[in-house]
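Positions are given from 1 along the sequence.
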Amino acid sequence: MIVLNFCLLASKDFYSGGGTDGCNFVLSNDVLPVPSGPPRKVEVEAVNSTSVKVFWRSPVPNKQHGQIRGYQVHYVRMENGEPKGPPMLKDVMLADAQEMIIPGLQPETAYAITVTAYTTKGDGARSKPKVVTTSGAVPGKPRLVINHTQMNTALIQWYAPVESFGPLMGYRLKYGRKDVDILTTLEFSDKEDHFTAKEIHKGASYVFKLSARNKVGFGEENIQEITIPEDVPSGFPQNLHCDSMSSTSVQITWQPPILAERNGVITKYILLYRDINNRYHPTEVPIVPADTTVTLTTLKPDTIYDVKIRAYTSKGPGPFSPSVQFRTLPVDQGRICLLKSLSLAEYLFLGKQGMEVLANPGETSYVIRATIP
C-alpha cells in the first residue's frame, strides 16, 4: 500500500488559475508499509516431549516493503482443533534467522504455530498455522546406589524416578571399566530393583548408567562412578619369550598380567636372570617405565640362562612368572640377522646363497632367521 499526501482545492480556485502551489503529490517518507507477504515454507517438527523446532524462509522480496528486522513466532495450545489458553510469542531479532526452537511445552500436546516478519514499522502478514504435537515424556532419573563388596563384586540398587509419566515398564543398566570401550548392557523388569555385578577388579574405575523406561522409551540416565583401591598384582606377566640375537645378547618380550589380575596400574617390571650353573647369584633388571621388552647384553656365549619376571603396582610386587630358559649362540656361529616374513621363493634363494636358514612356515610366508658367516 502506497500512501500519498494531498490537498483539496475549491473548484473555483482551480479553474480561475489559482494553481496548486503547496499541493504537490509526493510519497510519504514517514509512513512505510509493513510486509504484506508472510514468511514462506514454514515447517514445524517435534524435538522431544517439551520442545518443537520451527523453520521458515523470508517473504518474497517485493512484499517485504523495507528491511526485515526480525521474526515473531506465535504459538497456542490446541484442544479438539480449537485454541486453548492465551497465545504466546517468541521474538527472533535477526534479519537472516530461518529457524528457532520453542522450549517449555507440555508433553503429548498439540500446538498451532504461525510466523510473521517485521520491519521498523511493525509486523506483517502471518503464515498459515502449522499444527505439531509434542512427543510423550520419558521418565526422569531413577535413584541409584552402588556398594562395593570384598568379594570383587558390586551391589547395585535402584529406586523408581519421581516423575515416570505413566506406568514404568522396566530399567536398563550399562556398566563396565572406564578404560574399556564396550559396556555390559542389561535390562530389567519394573519389579526388579537390584543386581550384583561380578568381576569388579581392584585398582580400576567403573561407570554405571541406569535409566527407566515407559511406553515412550528410556529416560535420562543416572550416571555414577566408583574407583576400587589398588592392590599388588595377583597374576604374573604373560607370554614371556626369549630370542637370541648373538652370542652375547638376547631380546626378551612379554605381556602384562591379565586385566583381572593387574589390580591397578603397572608401574614397573623386575626381571631376574641367571646362568643355570650359578644358582645363587641372579641378576636383577628393573624396567621403568613399564615397557614390555628388554635386551640383555654382555652375556656368555653358548650358555643357558634362566629368566623370570614380575609386575609392580603402587602397592608392591606380584608373583614371578614361571621360568623360561634360553641359550646364547656360539661364538663361531657369527652374526644373526633377523629378517621380515618372506615368500617361499625368497626363502629358497637365501638357502642357495650358502646361508643357514632356520624357517617356520606360515600360511603364505616363512618367518626366517638367517645366520650370516
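Heavy-atom neighbours of Glu199 CD from other residues, nucleotides or ligands within 6.0 Å: at or below the threshold of 12.
Although no hydrogens or angles enter the test, the distance criterion places a donor-acceptor pair under 3.5 Å between the side chain of Asn214 and the main chain of Gly217. Between the side chain of Arg262 and the main chain of Pro257, a donor-acceptor pair closer than 3.5 Å is present. At least one donor-acceptor pair closer than 3.5 Å links the side chain of Thr134 to the backbone N or O of Thr109. The backbone N or O of Asn277 lies less than 3.5 Å from a partner atom in the side chain of Asp275, making a donor-acceptor pair.
By the 4.5 Å heavy-atom criterion applied to side chains, Pro83 and Arg77 are not counted as neighbours. Contact annotation: the side chain of Gln106 never approaches that of Thr50 to less than 4.5 Å [non-hydrogen atoms, C-beta and beyond]. Tyr118 is not listed as a side-chain neighbour of Pro35, based on a closest heavy-atom distance of 4.5 Å or more. The side-chain heavy atoms of Thr116 and Pro38, taken from C-beta on, include no pair separated by under 4.5 Å. Inter-residue side-chain proximity for Thr313 and Ile266 is flagged as met; some heavy-atom pair is nearer than 4.5 Å. Looking at Met100 and Trp56, their side chains come closer than 4.5 Å, going by heavy atoms from C-beta outward. Residues Arg279 and Arg274 meet the side-chain proximity criterion, which asks for heavy atoms closer than 4.5 Å. At least one side-chain heavy atom of Ile258 sits less than 4.5 Å from a side-chain heavy atom of Gln238.
Taking the six-membered ring for Trp and the full ring otherwise, the centers of Phe195 and Trp158 sit at least 6.0 Å from each other.
Linking ILVMFWY residues whenever their side-chain heavy atoms come closer than 4.5 Å, directly or via other members, leaves Val131 and Ile102 in distinct clusters. In the hydrophobic cluster analysis, where Ile, Leu, Val, Met, Phe, Trp and Tyr join through side-chain heavy atoms closer than 4.5 angstrom, Met245 is grouped apart from Tyr305. Connection of Tyr206 to Ile146 is established within a shared hydrophobic cluster, with ILVMFWY side chains joined at heavy-atom distances below 4.5 Å, either directly or through further cluster members. By the criterion of side-chain heavy atoms lying less than 4.5 angstrom apart, applied directly or through intervening Ile, Leu, Val, Met, Phe, Trp or Tyr residues, Leu272 is not grouped with Phe326; the two fall into different hydrophobic clusters. There is no path of hydrophobic side-chain contacts, each under 4.5 Å, that joins Ile252 to Tyr312.
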(request) Could you please spell out the steps behind the side-chain contact (heavy atoms from CB on, under 4.5 Å) verdict for Leu271 and Tyr269? (result) CA-CA 6 Å; Leu271 183 142; Tyr269 294 95; over 6 Å; no
(request) Decide yes or no on side-chain contact (heavy atoms from CB on, under 4.5 Å) for Val324 and His241, but give the supporting numbers first. (result) CA-CA 8 Å; Val324 172; His241 177 74; over 6 Å; no
(request) May I have the step-by-step check of side-chain contact (heavy atoms from CB on, under 4.5 Å) for Gln157 and Asp193, ending in yes or no? (result) CA-CA 6 Å; Gln157 298 172 287; Asp193 60 5; over 6 Å; no
(message) side-chain contact (heavy atoms from CB on, under 4.5 Å) for Val44 and Val52? Distances and angles first, verdict last.
(response) CA-CA 7 Å; Val44 293; Val52 298; 5.6 Å; no
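Distance check, rounded to the nearest 0.5 Å: OG of Ser246 to CG of Leu329 gives 7.0 Å. With rounding to the nearest 0.5 angstrom, the CG atom of Asp96 is 11.5 Å from the CD1 atom of Ile68. With rounding to the nearest 0.5 angstrom, the CD atom of Gln251 is 11.0 Å from the OG atom of Ser244. Taking OG of Ser321 as the reference point, atom CG of Leu240 lies at 5.0 Å (rounded to 0.5 Å). To the nearest 0.5 angstrom, Ser36 atom OG is 3.0 Å from His65 atom NE2. Taking NZ of Lys300 as the reference point, atom OG1 of Thr328 lies at 10.0 Å (rounded to 0.5 Å).
Side chains of Ser314 and Glu230: a donor-acceptor N/O pair is present below 3.5 angstrom, by distance only. Side-chain atoms of Asp306 and Ser323 form a donor-acceptor pair, as typed in the model, at a separation below 3.5 Å. Side-chain atoms of Gln255 and Asn239 include a donor-acceptor pair closer than 3.5 Å.
Residues Ser51 and Pro103 approach most closely at CB-CA, 3.9 Å, considering heavy atoms. The two residues Met78 and Tyr111 make their nearest non-hydrogen contact at CG-C, 4.1 Å. Val232 and Asn263 get closest at one heavy-atom pair: O-ND2, 2.9 Å. Residues Thr133 and Ala46 come closest through the heavy atom pair O-CB, 3.5 Å. The nearest pair of heavy atoms linking Thr119 to Gln67 is CG2-O, 3.4 Å. Residue Pro139 comes nearest to Pro161 through the heavy atom pair CB-CG, 4.0 Å, listed as atom of the first residue, atom of the second, then distance.
Of the candidates Asp91, Val92, Thr114, Val115, Asp91 is the only one forming a side chain to side chain contact (heavy atoms under 4.5 Å, CB included) with Gln72.
Under a cutoff of 6.0 Å and an axis angle of 45°, Arg310 and Phe236 do not form a cation-pi pair. A cation-pi contact, defined as under 6.0 Å to the ring centre and within 45° of the axis, links Arg143 to Tyr159.
Here Asp231 does not pair with Lys315 in a salt bridge; the nearest charged N to carboxylate O distance is not below 4.0 Å. Look at Lys141 and Glu221 and you find no salt bridge, because none of the NZ, NE, NH1 or NH2 atoms lies under 4.0 Å from a carboxylate O.
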Tell me which donor-acceptor pairs under 3.5 Å the side chains of residues 163-184 have, and how far apart each pair is, sequence neighbours excluded?
| unit_1 | atom_1 | unit_2 | atom_2 | d |
| --- | --- | --- | --- | --- |
| Ser164 | OG | Gly166 | O | 2.9 |
| Arg177 | NE | Asp179 | OD1 | 2.9 |
| Arg177 | NH1 | His201 | ND1 | 3.0 |
| Arg177 | NH2 | Asp179 | OD2 | 2.9 |
| Lys178 | NZ | Glu225 | OE1 | 3.0 |
| Lys178 | NZ | Glu225 | OE2 | 3.4 |

